[in-house]
Protein chains: 2
Amino acid sequence: MSKNCRFAVAVHVATLLAQNSGASATSDWIAGSVNTNPVVVRRILSALAKAGLVTSQRGIAGGSVLARPPAAITLLDLYRAVDEQGPQSLHHQPPNPACPVGARIVPVLEDILSRAEQAKERELGRITVADVLAAVHTPQCGARTVA
Amino acid sequence: MSKNCRFAVAVHVATLLAQNSGASATSDWIAGSVNTNPVVVRRILSALAKAGLVTSQRGIAGGSVLARPPAAITLLDLYRAVDEQGPQSLHHQPPNPACPVGARIVPVLEDILSRAEQAKERELGRITVADVLAAVHTPQCGARTVA
DNA sequence: ACAATTGTAACCACATTGGTTACGAACTTA
DNA sequence: TAAGTTCGTAACCAATGTGGTTACAATTGT
């Protein structure tokens, strides 16, 4: 599990923008729904903008909008935009190359972690922001997001 | 991605124990292959022992052995034994319940993250310590590990 | 000109991580 | 029994990452 809540905030923000359907939303207004600081929201929006998922405008009528229709943005897009994967999941120090296991374990581990990560991302790629918005709008159906 | 390397170390340790096939391995010897401190190894071994995956013995002939055959230990077993999932992946503060999205987003997010995590775990559950040992093993590399 | 808004930098308090030292408990052997 | 080895665990440390906050320049519409 990621130890940060940036992905959760990104999904929340994207869902808000989707619900806003074209109207510009300020970071202050978004922060009011997420219940955090506007700067935190702007940091997320900045990452999403770098990934081409939202566009923002400064000034008195400024704010952010989705750059694509909600059905054309997957949670994988949000995940990749927001989750800077530090290369920190393996050994701190390289294992002992004089040990047969230590000498060859790293590429094996990389392959394993890569496959596990791909399985996770495949799942996130199946869900769009439109799905999340629909799930949020039909609470009586439980948390189902994909048919 | 997890921000720690406990899972990587756990797989490394389990693979070493599997290669040792029954012989007792000390934390000092294992630490020599992982290239870390024996206490770090003992912390991992302690978590694995709590999950019933290894058994350890103190004393001059002490050390650790796998509690089950390598083919009966999946990487999911190791992952669950070692990765204390802090409930830290969602919002720090609960979202604003006065906002339709904020009021309903949390269970939706929980469902999404749960499914993504399940996909990852399903993948890890398919791989056993025996598989890792086979992947690591090279016949011309000698029969015994030396730290 | 003015007010509102974004974009960022800077800093802080807090949590987590792996590494290290230390020491008591348990175990084997002589 | 005595000695030596090993585990188990607590305590502490430096490094890192996190979200929250303040501050301020740049941009934009009225």
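Naming: A, B, ... by sequence-line order, numbering from 1 per chain.
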- Message: Rounded to whole Å, how long is the line connecting atom CG of A:Leu48 with atom C1' of C:dG7?
- Response: 14 Å

- Item | Rounded interatomic separation in angstrom, taking CG from A:Asn4 and P from D:dG19 | 5 Å

- Message: Using only modelled atom types and a 3.5 angstrom limit, is any donor from either the side chain of A:Arg43 or the base of D:dG20 paired with an acceptor on the other?
- Response: yes

- Task: Could you tell me the separation between the NZ atom of A:Lys50 and the P atom of C:dT6, rounded to a whole number of Å?
- Result: 16 Å

- Query: Salt bridge between B:Arg126 and B:Glu123, side-chain N to carboxylate O under 4.0 Å?
  - Reply: yes

- In whole Å, what is the span from the CZ atom of B:Arg42 to the C1' atom of D:dT5? 11 Å

- Side-chain touch A:Arg6/A:Arg43, heavy atoms, less than 4.5 angstrom: no

- Minimum heavy-atom separation for B:Ile105 to B:Pro95, with atom names? CG2-CG, 4.1 Å

- Message: Can you measure B:His92 atom NE2 to C:dA15 atom P for me and round it to whole angstrom units?
- Response: 11 Å

- Message: Can you tell me if A:Ser46 touches the phosphate of C:dT8, counting only side-chain N or O atoms and a distance under 4.0 Å to OP1 or OP2?
- Response: yes

- Return the nearest nucleotide to the side chain of B:Arg6; candidates are D:dT9, D:dG8, C:dT17. C:dT17

- To the nearest Å, how far apart are B:Leu45 CG and C:dA26 C1'? 17 Å

- Go through D:dT28, C:dT6, D:dT22 for me and flag the one nearest to the A:Ile60 side chain. D:dT28

- Query: Would you call A:Asp77-A:Arg68 a salt bridge at under 4.0 Å N-O?
  - Reply: yes

- At under 4.0 Å, does any side-chain N or O of B:Ser27 touch on OP1 or OP2 of D:dC7? yes

- Write down the distance between CG (B:Asp28) and C1' (C:dT20), rounded to a whole number of angstrom. 14 Å

- What is the distance from CZ of A:Phe7 to P of D:dG19, rounded to the nearest Å? 14 Å

- Query: Between A:Asn37 and A:Gln57, which is nearer to the 5' end of DNA chain D once each is assigned its nearest nucleotide?
  - Reply: A:Asn37

- Query: Can you find an N or O donor on one side and an acceptor on the other, under 3.5 Å apart, linking the side chain of B:Arg58 with the base of D:dT6?
  - Reply: no

- Using only side-chain N and O atoms of B:Thr36, determine if any of them is under 4.0 Å from OP1 or OP2 of C:dG19. yes

- Provide the closest heavy-atom pair for B:Ala67 versus B:Thr55 in the form atom of the first, atom of the second, distance. CB-CG2, 4.1 Å

- Nearest-neighbour nucleotide for the B:Thr26 side chain, D:dT6, D:dG19, C:dG18 considered: D:dT6

